Amino acid sequence: AQSVTQLDSQVPVFEEAPVELRCNYSSSVSVYLFWYVQYPNQGLQLLLKYLSGSTLVKGINGFEAEFNKSQTSFHLRKPSVHISDTAEYFCAVRRMDSSYKLIFGSGTRLLVRP
Amino acid sequence: SQTIHQWPATLVQPVGSPLSLECTVEGTSNPNLYWYRQAAGRGLQLLFYSVGIGQISSEVPQNLSASRPQDRQFILSSKKLLLSDSGFYLCAWSVLGGNLNTEAFFGQGTRLTVV
């Protein structure tokens, strides 16, 4: 079975500073990788996804993530955060075989301070 | 375009009462459908998923059940709610078959408080 670990439950950062949200996964087969954002009392919105090809993936709102197969990681980064980036961020994986399950990490709350 | 509707947005129910949360998808056929629960301070736990009408897979033993009476309708139910059933429930859909690399699309969620 696959699993997703987000080591940081909360990441405080000042506005305009860079940020990295960490995600590690475990799976016996290759996986597709996703990052979602959740604003308070709302559903999840896709930020970006890694399917194949270039290991650096660019998403919406200036976010990007890098797939590292040897380290089984998919860390999310943004060079300069805004107050509006304050939200919960979830990493997720789906197996490349016939599984339809999308498994999420426990989430990281990004708190951007002025 | 595809849309997903989930209701109600908030719900307060007494312990021991029944539950029915409904989710419908528009603009697509034969979607995969999912129910997730998000407890306070915790991540998203997959409760049920369905790849077709009447086909339900349960991920964890619990006080809840799910049904898919129509292709684009997914219902989460309980006969008797427990305090531990409180949480934020999210319905989601994704494309069935073919491109397994597609993401899931989420509804706006239902905040359930069991008192």
Side-chain angles (χ1 to χ4, degrees), chain A residues 1-10 21 23-25 27 29-53 57 59-60 65 67 74 87-109 111, chain B residues 2-11 23 25 30-52 55-60 68 74 87-113:
Chain A
Q2 66 271 37
S3 65
V4 181
T5 301
Q6 292 182 247
L7 293 172
D8 305 305
S9 59
Q10 182 166 303
L21 306 183
C23 173
N24 289 87
Y25 68 92
S27 178
V29 301
S30 296
V31 295
Y32 299 116
L33 296 152
F34 307 85
W35 273 101
Y36 284 82
V37 60
Q38 183 184 33
Y39 299 101
N41 294 313
Q42 293 188 25
L44 276 68
Q45 178 184 6
L46 182 72
L47 277 177
L48 48 81
K49 59 184 177 182
Y50 173 76
L51 308 179
S52 63
V57 180
I60 63 172
F67 170 57
F74 190 52
E88 190 90 18
Y89 291 80
F90 292 94
C91 181
V93 302
R94 170 180 283 160
R95 291 162 57 118
M96 285 189 183
D97 57 11
S98 61
S99 172
Y100 296 101
K101 295 193 293 185
L102 187 60
I103 304 300
F104 285 82
S106 56
T108 297
R109 176 159 178 76
L111 180 59
Chain B
Q2 302 90 354
T3 57
I4 179 169
H5 302 281
Q6 190 180 339
W7 69 92
T10 59
L11 189 61
C23 172
V25 180
N30 300 320
N32 297 317
L33 295 171
Y34 308 84
W35 277 111
Y36 287 88
R37 176 170 60 200
Q38 186 177 18
R42 300 180 63 181
L44 275 75
Q45 179 185 33
L46 178 61
L47 301 176
F48 302 95
Y49 69 97
S50 171
V51 299
Q55 300 179 57
I56 308 295
S57 296
S58 175
E59 284 299 292
V60 293
R68 185 170 177 173
F74 205 25
F88 192 51
Y89 289 83
L90 289 158
C91 181
W93 72 273
S94 67
V95 173
L96 176 66
N99 296 325
L100 292 174
N101 58 9
T102 61
E103 63 271 28
F105 300 90
F106 284 81
Q108 292 299 296
T110 296
R111 174 75 59 191
L112 172 65
T113 303

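In what follows, chains carry the letters A, B, and so on, assigned in the order in which the sequence lines appear, proteins first and then strands, with residues in each chain numbered from 1. Note that the structure is predicted; figures quoted are calculated from it, not measured. Scope of the values below: all heavy atoms of this structure, side chains included, with no hydrogens, waters or symmetry mates.
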| Among all residues two or more places apart in sequence or in another chain, which pass the side-chain contact (heavy atoms from CB on, under 4.5 Å) test with A:Asp8? | A:Val11, A:Arg22, A:Thr108
| request: Could you tell me the separation between the CD atom of A:Gln42 and the CD atom of B:Gln108, rounded to the nearest 0.5 Å? | output: 5.5 Å
| query | With a 4.5 Å heavy-atom cut-off, do A:Gln38 and B:Gln38 have their side chains touching? | reply | yes
| Heavy-atom distance under 4.5 Å between the side chains of A:Leu44 and B:Leu44, does that happen here? | yes
| query | Are any of the side-chain nitrogens in A:Lys101 or B:Glu59 under 4.0 Å away from the carboxylate oxygens of its partner? | reply | yes
| request: Not counting sequence neighbours, which residues clear ring pair (Phe, Tyr, Trp, His ring centres under 6.0 Å) with A:Phe104? List them please. | output: A:Tyr36, B:Tyr36, B:Phe106
| query | Checking A:Gln45 against chain B: side chain, backbone, both or neither under 4.5 Å from a heavy atom? | reply | neither
| For B:Ala104 and A:Leu102, which heavy atoms make the closest approach, and how far apart are they? | CB-CD2, 3.6 Å
